[in-house]
Amino acid sequence: MTMQQQIRAVSDSSILVGMHGAGLSHVLLKTIDGSESGNRGVVEIVPPSHSSSKHFEYLAQMADALPYLRITCGSANRNNEHYVDPIKLVEAVERLLK
């Protein structure tokens with residue numbers, strides 16, 4: 001996606017869900033959100049190796065104190081792929097929608 005497409009996607013979202021990493025810094029764009037979607041919050045998917053990192057939680061607080069939830073995913077396999085429990089992800093999104 002181009003940067004413009006990324007900004008549009010974040011602006012049009014009500015909940016930002018993302019893996020721990022630089023792309024989640026788009027949470028700061030939620031403060032300039034001009035859409036009708038509203039800002040319901042952020043769900044960060046965190047690998048066990050970064051479980052103590054609070055960077056994006058702090059960014060969510062800076063971005064109009066957005067509600068923030070974190071899900072710890074399973075350890076990476078040899079291809080560096082992580083497993084996210086879909087039930088935990090759905091529960092987190094549902095909490096933010098209430």
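- Counting heavy atoms of neighbouring residues, nucleotides and ligands inside a 6.0 Å radius, atom CD of Q4 does not exceed 12 of them.
- A distance of 10.0 Å separates CD in Q61 from CG in L66, rounded to the nearest 0.5 Å.
- Both F56 and L16 sit in one connected hydrophobic cluster of ILVMFWY residues. Membership requires side-chain heavy atoms under 4.5 Å apart, directly or through other members.
- V46 and V84 fall into different hydrophobic clusters, where Ile, Leu, Val, Met, Phe, Trp and Tyr side chains are chained together by heavy-atom contacts under 4.5 Å.
- Between V17 and the options V43, I71, L24, V42, a side chain to side chain contact (heavy atoms under 4.5 Å, CB included) holds for only V43.
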Applying side-chain contact (heavy atoms from CB on, under 4.5 Å), run through C73 and K88 and close with a yes or a no. CA-CA 10 Å; C73 62; K88 288 183 181 180; over 6 Å; no

Listed pairs under 3.5 Å, donor-acceptor, residues 89-98 side chains, sequence neighbours left out:
none

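- The aromatic rings of H20 and H55 sit tilted, their planes meeting at an angle between 30° and 60°.
- Nearest heavy atom pair, residue M19 against residue P47, reads CE-CD, 3.8 Å.
- Taking CZ from R70 and NZ from K54, the interatomic distance works out to 5.5 Å, rounded to the nearest 0.5 Å.
- Under the side chain to side chain donor-acceptor pair (under 3.5 Å) criterion, E57 pairs with no residue at all, not counting sequence neighbours.
- By the criterion of side-chain heavy atoms lying less than 4.5 angstrom apart, applied directly or through intervening Ile, Leu, Val, Met, Phe, Trp or Tyr residues, Y83 is not grouped with L69; the two fall into different hydrophobic clusters.
- For the ring-ring contact (aromatic ring centres under 6.0 Å, His included) test, no residue two or more places apart in sequence or in another chain qualifies with Y68.
- Minimum interatomic distance between P48 and G74 (heavy atoms only, all atoms of both residues): CD-O, 3.9 Å.
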